[in-house]
Trainee: 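Sharing a structure below in C-alpha cells format, with a few things to ask.
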2 protein chains.
Amino acid sequence: MSEDDRTVARERVIESMEQSAEVYGLSRSAGRIYGVLYFSEEPLSIPELVDETGYAKSTISNVTRTLTRIGLIHRRSSEGGGRRVHYTAEREIWFSLQDVFQQYVQREIQTTLRTIQRAQAQLPDDNDTEAARIKELQQTYEDLQEIVTLTSNFTAAELRDALESYDQ
Amino acid sequence: MSEDDRTVARERVIESMEQSAEVYGLSRSAGRIYGVLYFSEEPLSIPELVDETGYAKSTISNVTRTLTRIGLIHRRSSEGGGRRVHYTAEREIWFSLQDVFQQYVQREIQTTLRTIQRAQAQLPDDNDTEAARIKELQQTYEDLQEIVTLTSNFTAAELRDALESYDQ
DNA sequence: CAGTTTGTTCGGCTCACTCCGAACAAACAA
DNA sequence: TTGTTTGTTCGGAGTGAGCCGAACAAACTG
C-alpha cells in the first residue's frame with residue numbers, strides 16, 4: 001500500500017466527483033474543490049486550495065461561495081481571528097444534495113404547478129380538450145410535488161427502507 | 001371563455017414545459033415541441049411542427065429524434081403509407097421522465113459507485129483516513145443506487161403512497 | 001419525365017457558461 | 001508608515017450546446 005496508490009485512488013474518486021457535479025448542475029471545478037476538501041485532513045484556505053487544485057484564485061473564491069451557499073462546504077474563520085478563512089467539506093452530503101436537488105427540481109415543479117393551476121382556474125369546467133389535458137398535467141405535478149416534499153424529510157437510509165418495505 | 005383565453009393558457013403551460021425540459025437536461029425546443037404535441041388534437045408532421053413552433057425544420061428533425069428515443073413522443077407513419085411521418089405526445093409521462101432521469105442520474109451513480117468500489121478494493125482494511133472516507137461515500141452511493149432502482153418500478157401515485165404510508 | 005414535398009445531415013453562427021488574470025480592498029507584518 | 005498576504009470583483013478568452021440554413025436524398029404529384 002504505497003503512498004502513490006492512495007493518491008491515485010483519491011484522484012479517481014475526485015474525478016468522479018467532478019462528473020457528478022455536472023449532473024447536479026454544478027461546474028467541474030466545484031466537484032474537484034469539494035473532493036479536495038472531502039479528503040483533506042484539516043480545513044483549507046483559498047491559497048491552499050489554489051495549490052491543491054491548480055485553479056485560479058478567483059475561481060476558488062467564486063466556487064467556494066456557491067458551495068457554501070448550497071451547504072456542501074462550510075466556511076470557518078481562522079482560529080487566530082485573522083482574515084484567513086478555511087473551508088471544510090460537509091461529509092453528510094445527503095441533505096445538501098437534496099437541497100441542491102430542491103433548488104433545481106422542486107422550484108421548477110412549484111412554478112409549473114402554479115402556472116397549471118392558474119390556467120386551470122381560467123378554464124373552468126369547460127370540458128374541452130385543453131382543459132382536460134391541463135387537468136391531467138395538474139394531477140401528475142401534484143403527485144410530483146408531494147413526492148419531493150415527502151422525500152426531503154427522509155435520510156437516504158429511511159428512504160431506501162420506505163421503498164423496500166412498500167414492495168408488495 | 002374566449003378562444004384567446006384558451007390560447008394564452010396553453011401558451012403559459014407550454015412555456016412551463018420549456019423550463020421543465022431544461023431541468024431534465026433537455027433543450028427548450030424539446031419542451032416546446034413536446035408541449036405543442038401534447039395539446040394537439042391530431043398527430044403533427046414536421047412541417048406542421050415548423051409552423052406551430054417557429055423552429056427550423058432541421059431543429060424539429062433533430063429534437064423529434066431525441067424525444068422519440070427517450071419515449072416522450074411517438075413516431076407514426078402516415079395512414080396512406082406515404083413518406084410523411086406524424087408525431088404524438090406520450091401523455092403518460094411519468095415513466096418516460098423516469099427514463100430520462102435514469103440516463104442522467106443513475107448512469108452517473110453507477111459509474112461513480114464502480115470507481116469507489118475499485119478504489120476501495122485497492123485500499124483494503126487500511127483504516128487510514130482515505131479509506132474511511134471512501135467507505136462513507138460507498139455507503140451513501142449504494143443507498144442512492146438502491147433508491148433509484150426501486151423508484152423506477154413505481155408509478156407516481158405508488159411512490160407517493162409508499163412515502164406517505166411510511167410516515168412514522 | 002420534371003417539379004414539389006418531406007425528412008436528414010452538415011457546417012457555421014450565436015449565446016451562455018466556465019475559468020482566468022488583473023485590479024482592487026482589507027487586514028496583517030515589518 | 002510601506003510591503004505582503006488574503007479574498008472579492010470585473011472584463012475577457014475559450015469552449016460547448018442550441019439552433020439555423022443550405023445541401024442533399026427519398027418519395028410523392030403533375
Side-chain angles (χ1 to χ4, degrees), chain A residues 15 17-37 43-70 73-88 100 103-104, chain B residues 15 17-37 42-70 72-88 100 103-104:
Chain A
E15 280 169 5
M17 289 176 170
E18 286 181 335
Q19 288 266 110
S20 297
E22 290 186 318
V23 174
Y24 286 103
L26 303 172
S27 59
R28 294 185 66 83
S29 56
R32 173 156 297 269
I33 290 170
Y34 176 82
V36 167
L37 288 173
L44 297 180
S45 65
I46 288 187
E48 288 165 334
L49 281 171
V50 169
D51 287 346
E52 293 284 335
T53 64
Y55 283 113
K57 200 173 46 161
S58 56
T59 302
I60 305 288
S61 174
N62 287 320
V63 174
T64 49
R65 174 148 31 98
T66 70
L67 284 178
T68 301
R69 182 171 48 79
I70 288 172
I73 66 176
H74 300 288
R75 180 194 178 112
R76 294 180 183 168
S77 304
S78 82
E79 312 81 44
R83 181 142 192 267
R84 200 167 198 167
V85 290
H86 292 271
Y87 293 96
T88 59
V100 178
Q103 288 198 356
Y104 274 81
Chain B
E15 281 169 5
M17 288 176 170
E18 286 181 335
Q19 288 266 109
S20 297
E22 292 187 317
V23 174
Y24 286 102
L26 303 172
S27 59
R28 295 183 66 84
S29 56
R32 173 157 295 269
I33 291 171
Y34 175 82
V36 167
L37 288 173
E42 68 264 343
L44 298 182
S45 66
I46 288 187
E48 289 166 334
L49 282 171
V50 169
D51 287 345
E52 293 284 336
T53 64
Y55 283 112
K57 200 172 48 160
S58 55
T59 302
I60 305 288
S61 174
N62 288 320
V63 174
T64 48
R65 175 147 30 96
T66 69
L67 285 178
T68 302
R69 182 170 49 78
I70 287 172
L72 276 175
I73 66 177
H74 299 290
R75 180 194 177 112
R76 293 180 183 167
S77 304
S78 82
E79 312 80 45
R83 181 142 192 266
R84 200 167 197 167
V85 290
H86 293 271
Y87 293 97
T88 58
V100 178
Q103 288 197 357
Y104 273 81

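Fair warning: this is a prediction, and the values are worked out from it, not measured in the lab. To find a chain, count down the sequence lines: A is the first, B the second, and so on, and within it residues start at 1.
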Trainee: CZ of A/Arg84 versus C1' of C/dA25: gap in Å, rounded?
Mentor: 18 Å
Trainee: Classify the nucleic acid contact of B/Gly25 as base, sugar-phosphate or nothing, counting any heavy atom under 4.0 Å across all strands shown.
Mentor: nothing
Trainee: Which of these nucleotides, C/dC19, D/dG7, C/dT9, is closest to any side-chain atom of A/Ile46?
Mentor: D/dG7
Trainee: The side chain of A/Ala56 is closest to which nucleotide in this list: C/dG7, D/dG7, C/dG21?
Mentor: C/dG21
Trainee: Would B/Val85 and B/Thr64 count as a side-chain contact (heavy atoms from CB on, under 4.5 Å) if you check the C-alpha gap in whole Å, the side-chain angles of each, and the deciding distance to 0.1 Å?
Mentor: CA-CA 11 Å; B/Val85 290; B/Thr64 48; over 6 Å; no
Trainee: What's the closest nucleotide to the side chain of A/Ser61 if the choices are C/dG21, D/dT6, D/dT9?
Mentor: D/dT9
Trainee: Among B/Leu37, B/Val36, B/Ile33, B/Ile60, whose side chain to side chain contact (heavy atoms under 4.5 Å, CB included) with B/Tyr87 holds?
Mentor: B/Leu37
Trainee: Without decimals, in angstroms, what is the distance between A/Lys57 NZ and C/dC19 P?
Mentor: 18 Å
Trainee: Would you kindly give the CD1-to-C1' distance between A/Ile33 and C/dC19, to the nearest whole Å?
Mentor: 11 Å
Trainee: Could you tell me whether the side chains of A/Arg75 and A/Thr68 share a donor-acceptor contact shorter than 3.5 Å?
Mentor: no
Trainee: Hey, is the side chain of B/Arg65 poking within less than 4.0 Å of OP1 or OP2 on C/dT9, counting only N and O atoms?
Mentor: yes
Trainee: Do any side-chain nitrogens or oxygens of B/Ser58 fall under 4.0 Å of OP1 or OP2 in C/dT8?
Mentor: no
Trainee: I need the CD-P distance between A/Glu22 and C/dC17, as an integer number of Å.
Mentor: 14 Å
Trainee: Carefully, step by step, assess A/Thr53 and A/Arg32 under the rule side chain to side chain donor-acceptor pair (under 3.5 Å).
Mentor: CA-CA 7 Å; A/Thr53 64; A/Arg32 173 156 297 269; over 6 Å; no
Trainee: To the nearest Å, how far apart are A/Ile60 CD1 and D/dG7 P?
Mentor: 11 Å
Trainee: Between B/Ile73 and B/Tyr34, is a side-chain contact (heavy atoms from CB on, under 4.5 Å) present by the stated rule, with each step listed?
Mentor: CA-CA 7 Å; B/Ile73 66 177; B/Tyr34 175 82; 3.9 Å; yes
Trainee: In whole angstrom, what separates B/Arg75's CZ from C/dT6's C1'?
Mentor: 11 Å
Trainee: Looking only at side-chain atoms of A/Thr59, point me to the closest of C/dG7, C/dC19, D/dG7.
Mentor: C/dC19
Trainee: Please report, rounded to the nearest Å, how far the C1' atom of D/dG18 is from the CZ atom of B/Arg32.
Mentor: 15 Å
Trainee: In this structure, how many angstroms lie between the C1' atom of C/dT6 and the CG atom of B/Asn62, rounded?
Mentor: 15 Å
Trainee: Look at the side chain of B/Ser27 and the base of D/dG18, then say whether one donor and one acceptor between them are separated by less than 3.5 Å.
Mentor: no
